[in-house]
Each structure stands twice: as structure tokens, then as C-alpha cells.
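What follows is a short report on a single structure.
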Amino acid sequence: MTEYVPVDYTTERTSKEYLSVNSCGVQLISLCDRGSKRLNGRKDYHILYVQRGVCHVEMEGKEHQVGEGGVIFFPPQAPQIYHYKKEDRSISHYIHFTGVGCQELLEQLGLHRMRIFRMGRSHSYEEISEKMAREYAMSNRFWEQRCAGLLQELLSIVARKYALRETGVSSSGESRINGVCQVLYEHSQDPPSAGDLAALCCLSESRFTHLFREVTGKSLQDFIAALRMEKARELLSATDMPVREIGEAVGYGDQNYFSRRFKSIVGCSPREYRRRETE
């Protein structure tokens with residue numbers, strides 16, 4: 001059970017857990033204007049995601065209109081001045097969270113300085129946020145742990161897109177490469193050529209390979225190799241297939257080359273990996 005301070009009931013609290021959700025939900029603003037004016041902020045972190053409509057936010061003396069797909073982040077004690085107008089029929093996802101690991105996690109994700117980020121609509125974010133809201137509302141066994149896990153997923157979605165935008169990768173470029181990654185995941189044994197994948201993205205091969213590295217952090221060859229080795233690890237752990245057959249199954253006709261690639265990526269030979277996993 002999460003231990004909170006203070007003990008009186010309030011959603012504005014701190015926690016000794018690594019990460020803990022104080023409150024969350026999804027709101028349709030249509031009956032009256034809604035918002036907040038906390039000049040001294042709150043004790044916890046607060047993140048807003050605008051699914052539809054507009055959030056009017058005041059930060060550092062300036063008003064910002066954050067539209068569909070926008071993310072607004074308030075750290076503890078930061079002023080929170082924002083409102084939604086009823087005529088916009090906005091849909092707002094909100095999360096208040098706390099924990100001793102928040103600052104460390106946000107720094108790891110590169111989000112500690114983010115305040116307003118026009119991320120673009122993310123159906124993944126919306127689905128996970130709605131799942132978190134249900135978990136929080138029902139408060140079944142281990143809901144705290146479930147909500148903390150879902151929060152990490154949401155933060156990682158924002159962090160990935162934030163990092164890409166910081167390096168100049170557009171939303172359309174990210175979408176194209178994500179589609180290619182799915183194709184490679186499904187056909188890692190015999191993947192399409194770089195030229196075919198570039199044509200799929202309507203890009204030149206040189207532009208495609210550059211964009212692929214920007215989005216994934218890996219070259220095309222390294223990405224395919226990582227997918228193959230993950231499948232090889234699964235087969236080594238769960239089957240009695242000979243190493244040669246596993247190499248062939250994941251796309252390597254030469255057993256020696258497969259073993260060398262496996263060791264360079266995983267850190268040990270296929271046989272040593274199997275021994276460790278099955279002992």
C-alpha cells in the first residue's frame with residue numbers, strides 16, 4: 001500500500017513510493033468553462049493532454065493556446081493558470097503524480113525542462129490514459145502499481161516524440177519510419193531492401209536511411225539484427241532446436257556468422273546463452 005504524507009485525504013500529496021498517481025481522469029468540458037488558477041502551484045506534478053479543443057495557458061506572463069495533441073507540464077510549486085471554454089467542447093486528460101523517483105525519471109526521459117509541447121494527436125496516449133482513469137476510478141487490488149506502470153508508458157510516449165521533435169524529425173517522418181519498423185518486425189527473417197523501404201516511404205534511399213537512424217537511434221542493419229537476435233534468444237530459451245536451425249530461422253544461413261553476430265550483440269555465444277537460460 002502506498003504511504004502518503006500527509007495522511008488526511010487530499011489528491012495533493014507526496015509519496016515515499018518511487019512513482020505514484022494522485023489523481024487522473026478524462027474530462028469533456030461542455031457545460032461550463034473550467035480551469036485552474038493556482039499561483040503557488042501544487043506539491044505534486046501535473047500533466048495535461050488536449051485530445052480535442054483548446055487549453056488557454058498562462059506561463060511566464062504569456063498566454064498560449066494549446067490545441068489538439070498538446071501537452072502541458074507543471075512541476076511542483078509552479079504556477080498553474082489555465083482554462084477551457086465550454087464552447088470548444090474540449091476533451092482534457094489530466095494526471096497528478098508524485099514520488100521520490102519523479103525527478104530522476106523525468107531527467108532520464110529528457111522531460112524535466114518541458115512545459116508546453118505540441119506533440120500531435122496520439123491514439124496510444126489516449127488509450128493508455130483512459131485505461132489509467134478506469135484503474136484509478138475502480139481502485140481494485142494493486143491499482144496503485146498498475147497506474148504507476150501506465151504513467152511510465154505515457155511519459156515514455158511523450159519523451160520519444162519530444163526527443164524526435166528536438167532533433168527536427170517531423171510527425172509525418174516519425175509515422176513513416178514507425179510503419180517501416182512494423183514491416184521489419186513482421187519480416188525480419190527476409191526483410192525488404194533499403195531501396196524498397198525507401199520507396200514505401202516515398203523518400204530517396206539516402207534520406208530514408210538518415211531518417212531511420214534519427215527515429216530509431218540505429219542503422220537499418222543494426223535494427224534488423226536486433227530483431228533477429230531477440231527471436232533467436234526466444235528460440236534458444238524455449239526450444240531444443242539446434243543452433244544452426246535457429247540461425248536459419250531468424251535469417252542467417254551461415255551458422256558461424258550467426259554465432260559471431262549473436263555474441264557481438266548479446267555478449268555470449270548462442271550455446272552459452274542457452275546453458276544460462278535453461279540451468
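Computed from a predicted structure; not experimentally measured.
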Yes or no on side chain to side chain contact (heavy atoms under 4.5 Å, CB included) for F117 and L111, after CA distance, side-chain angles and deciding distance?
-> CA-CA 10 Å; F117 173 40; L111 297 178; over 6 Å; no
Can S237 and Y273 be said to form a side chain to side chain contact (heavy atoms under 4.5 Å, CB included), step by step?
-> CA-CA 8 Å; S237 300; Y273 181 84; 3.5 Å; yes
Would you mind reporting whether L211 and E214 have side-chain heavy atoms less than 4.5 Å apart?
-> yes
Counting N and O atoms only, with roles assigned by atom type, does the side chain of R228 sit under 3.5 Å from a partner on the main chain of S188, one being a donor and the other an acceptor?
-> yes
Look at the side chain of R42 and the backbone N and O of T11, then say whether any donor-acceptor pair between them is shorter than 3.5 Å.
-> yes
Salt bridge check: are R121 and E126 linked by an N-O gap of less than 4.0 Å?
-> yes
Compute the centroid of each ring, for F262 and then for Y252, and state whether the two points are separated by less than 6.0 Å.
-> no
Would a distance-only check, ignoring hydrogens and angles, find a side-chain to backbone donor-acceptor pair under 3.5 Å from S175 to S171?
-> no
Counting distance only, does the side-chain N/O of S264 pair as donor-acceptor with the main-chain N or O of R261 below 3.5 Å?
-> yes
In Å and rounded to the nearest 0.5 Å, what is the CG to CD1 distance from L164 to I177?
-> 10.5 Å
Which of parallel (below 30°), tilted (30 to 60°) and perpendicular (above 60°) describes Y49 and H93?
-> perpendicular
Any donor-acceptor N/O pair, D33 side chain to K86 backbone, under 3.5 Å | yes
Ignoring hydrogens and geometry, is there a side-chain-to-backbone donor-acceptor pair from Q27 to S92 under 3.5 Å?
-> no
Least distance between heavy atoms, P192 atom then V183 atom | CG-CG1, 4.0 Å
State whether the side chain of R52 and the backbone N or O of R89 hold a donor-acceptor pair below 3.5 Å, judged by distance alone.
-> yes
Can you tell me if R274 uses its side chain to pair, donor with acceptor, with the backbone of T239 under 3.5 Å?
-> yes
Are the charged groups of E127 and K131 less than 4.0 angstrom apart, N to O?
-> no
What closest approach, in Å, do G53 and S90 show between heavy atoms, and which atom pair accounts for it?
-> CA-OG, 3.4 Å
Taking all non-hydrogen atoms of both residues, which atom of Q189 and which atom of A249 are closest, and how far apart?
-> CD-O, 3.3 Å
Closest non-hydrogen atom pair, H64 against M59 = NE2-O, 4.0 Å
How far apart are the closest heavy atoms of Y45 and L106, and which atoms are they?
-> CE2-CD1, 3.5 Å
